[in-house]
Amino acid sequence: MTAPDSRQCSVEGCAFPSGPCAKGFPNPIEECPSLGDPLAGGTEDDFESVPERRLVSFEDGLRLDEHRVSAILARRPSRVVAIVGSSESGKTTFITSLFEQFRNGPFAGFLFSGSETLLGLEQRCHESRLKSGRELMHSERTKRLAMGYLHLAVRAESLVGSVVDLILTDFPGEMFDAARNTASQMQDLHVISRADHVLMLLDAERLIAPATRHAMLTHSKTFLRRAIEEGMLTSRTSIHLVVSKVDLLRDNPYAEPIVNLVNKHRTEVTAMVESLGLPVTVHQIAARPTTGPDFDPVGMEGLFRSLLTTLRHSVHEGLPSRKEFPFAAMPTVAEFAWVYRRTRR
Amino acid sequence: MSKETNIVAFGLAEAGKTTFIAALWTVAEGGEVAGSLRAAQLGNDVKHLNNIRDTWLECLPFGRTLRGKEVVVTLHLVEPADQGTAIRLSLPDASGEVLHDFFKQRGWPSDFDQQLSQADGLLLFIHPAGLHESPYLLDLQAMVAEASEEGSRDTDHDIREVTPAAETTPTPWSADLVDTAAVLVDLLQQAVRATSAKVRPFPVSLIVSAWDLVTESSADAWMRRRAPLLHQYLTSQPELFRVRAYGVSAQGAPLEKRDSLLAVQPFERILIVGEDVAPHDITAPIRWILKA
């Protein structure tokens, strides 16, 4: 298979980069797939009918890297939604439930307008579908999948306004736990400093259990305090305290005290972020209820709409770079070498 | 005066592309359908077109278009109302399996990309029987619960929680398991990037094949109900796509009814519904792209 030069346009007659793009793209390097690299790893057998043809490759569709996220953010109005919470608090379930809603039709007054991570969304939904061979709902843990960013483009059903890109983080809960403990690992979540919304998931199952409820609420506050100390929360971010799996509180005798506890937590969080002027809201959701009668998701519409109503960042603002913490994190080999040379002088 | 129009036929396996092209060629060459596009000249090589037309005329089944057997069909047509302008229509008749391979392998050959870059429109084929969707387990649980509720009225048992069943070994995810609508959205996203930004909104004639088997009032209503993800994608961006949906049965009926199909004039077998469509005019989706 002949590999094309990645900077060579495959369109006949196109003069780019020395002249204008034949397809009319204003920024061909970012937008024109005809400039893409050849499909990596392909063989002639992949395309029996077309040996020796050059290939134009697609993105893998599983996740976005930060470069691609920044390109999307530069394109049109977007919302960056950082979804944080401990393991199995329902972060991935929230994302897959959202996508499943659109699979059935318009949702919360919005239409599905595409996704650059359709395969990633489909992959995450797999274990909640019949073809998985499972008989009960299940979410693949993000730790086993590659972490990264997922993308969903939506537009108001009225078609008023433009398409809005939602960038959803899908990080494992272990990263949330680690970020509470060390500054450098909080910096691994530097997307938070560009987030329009931080969704802090509070697992109702752990709220119900006396042994875990206080630790979980404390972890939530510690995480936010760490983010503030690292300068990652700015006045442009909205904080959403999202009680997940709220269906478990249905008919639960302790539901009212738990709701009171969450409201107290909200008051404490509001006081923490008061100087930054961040709005703090509480949502109750059951993205994938485990009990009937109708199994309809709870609270998803309201939360989804609230993600789309406010825009505090400038329209084309990309992702920030990771703040440099040269030796707080595990040093790389190069860093070790640099330190070694310095100390030997 | 001649105007070249390039239209790409896009559809997964057995979506009805070849049957459509065969019926189209029959109508264009026969000139019996009022208002339809006509064949202006035969062109240099119409062997493939004549082969598939003969199969269609005899009401015989088409084999799948095989990998490696894709051909670019070129038709020289003319608008009956505008005899002065000849239309050179290029329609790649590619195997649907190959298109699915492109999806899985995340890339397509540069010459296919180039056909798209020169395209003035797209014929997007969907066969009702080819739309695969894996049911959401929550929907199934709701159905089970509903059935249990109905049963409980008689037995006075309150079954609101689905009893956990024994887990079977789960099937690992692969790109083969992706819903058809999601596959088509993904491929359309790649296709629209390949097309010229000068052709906006990009015309898409959406063809729901085997329309004789569908009971919906319109192809748009069928899409909205059966492929909501794809319908939303295409209709939410009028700046990007101009879409018109057609229900088409190029055969007219299942081939099991061959005797009755052969009993009428060939063009009379063609069933097409949609906006501004004359009876049997299978050229309507192309005429709409030409005017879009």
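Order of the sequence lines sets the chain letters (A, B, ...), proteins ahead of strands, with each chain counted from 1.
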Trainee: State which residues pass ring pair (Phe, Tyr, Trp, His ring centres under 6.0 Å) with B:Phe125; sequence neighbours excluded, sorted by chain then number.
Mentor: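 Expected list: B:Phe20.
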
Trainee: Between A:Arg129 and B:Asp179 (salt bridge meaning N to carboxylate O under 4.0 Å), is one present in this structure?
Mentor: yes

Trainee: Got a second to check how far B:Thr235's OG1 is from A:Leu159's CG, nearest 0.5 Å?
Mentor: 7.5 Å

Trainee: So for B:Pro172, is it side chain, backbone, both, or neither that comes closer than 4.5 Å to the heavy atoms of chain A?
Mentor: backbone

Trainee: For the pair B:Arg106 (side chain) and A:Ser57 (backbone), establish whether a donor and an acceptor sit closer than 3.5 Å, ignoring hydrogens and angles.
Mentor: no

Trainee: Is a side-chain donor or acceptor of A:Gln123 paired with a backbone partner of B:Trp173 at a separation under 3.5 angstrom?
Mentor: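 Checking the backbone N and O of B:Trp173 against the side chain of A:Gln123, no donor-acceptor pair under 3.5 Å is found.
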
Trainee: Using every non-hydrogen atom in the two residues, find where B:Asp186 and A:Leu118 come nearest and quote the distance to one decimal.
Mentor: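 Minimum heavy-atom separation between B:Asp186 and A:Leu118: N-CD1, 3.7 Å.
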
Trainee: Of the backbone (N, CA, C, O) and the side chain (C-beta and beyond), which part of B:Gln189 lies under 4.5 Å from a heavy atom of chain A, both, or neither?
Mentor: side chain

Trainee: Roughly how far, to the nearest 0.5 Å, is CH2 of B:Trp108 from CZ of A:Phe58?
Mentor: 4.5 Å

Trainee: Please output the residues of residues 106-115 of chain A in contact with chain B, using a heavy-atom cutoff of under 4.5 Å, in numerical order.
Mentor: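 Contacts with chain B: A:Pro106, A:Phe110, A:Leu111, A:Phe112, A:Ser113, A:Gly114, A:Ser115.
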
Trainee: When you measure from the side chain of A:Arg155 to the backbone of B:Ser236, do you find a donor-acceptor pair of N or O atoms at a distance under 3.5 Å?
Mentor: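 The answer is yes, because a donor-acceptor pair under 3.5 Å joins these two groups.
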
Trainee: Listed by chain and number, what are the ring pair (Phe, Tyr, Trp, His ring centres under 6.0 Å) partners of B:Tyr233, not counting sequence neighbours?
Mentor: B:Phe241

Trainee: Side chain, backbone, both or neither: which part of A:Glu157 has a non-hydrogen atom closer than 4.5 Å to chain B?
Mentor: neither

Trainee: Among B:Leu234, B:Val199, B:Thr171, which residue has the highest count of heavy-atom pairs closer than 4.5 Å to chain A?
Mentor: B:Thr171

Trainee: Identify the residues of residues 218-230 of chain B whose heavy atoms come closer than 4.5 Å to a heavy atom of chain A, ordered by number, or report 'none'.
Mentor: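 Hits under 4.5 Å: B:Pro228, B:Leu229.
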
Trainee: Please confirm whether the backbone N or O of A:Gly105 pairs with a side-chain atom of B:His231, one donor and one acceptor, at under 3.5 Å?
Mentor: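 Here the side-chain-to-backbone pair does not exist.
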
Trainee: If I compare all heavy atoms of A:Val163 with all of B:Gln237, which pair ends up nearest, and what's the gap?
Mentor: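 In this case the closest contact between A:Val163 and B:Gln237 is CG2-CG, 4.0 Å.
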
Trainee: Flag the one option from A:Leu119, A:Val154, A:Leu121 with the top tally of heavy-atom pairs under 4.5 Å to chain B.
Mentor: A:Leu119

Trainee: Could you state the interatomic distance from NE2 (A:His126) to OG (B:Ser174), rounded to the nearest 0.5 Å?
Mentor: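 Taking NE2 in A:His126 and OG in B:Ser174, the distance rounds to 7.5 Å.
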
Trainee: So that I can tick it off, tell me whether A:Glu116 and B:Arg193 are bridged by a salt bridge, with the cut-off set at under 4.0 angstrom between side-chain N and carboxylate O.
Mentor: yes

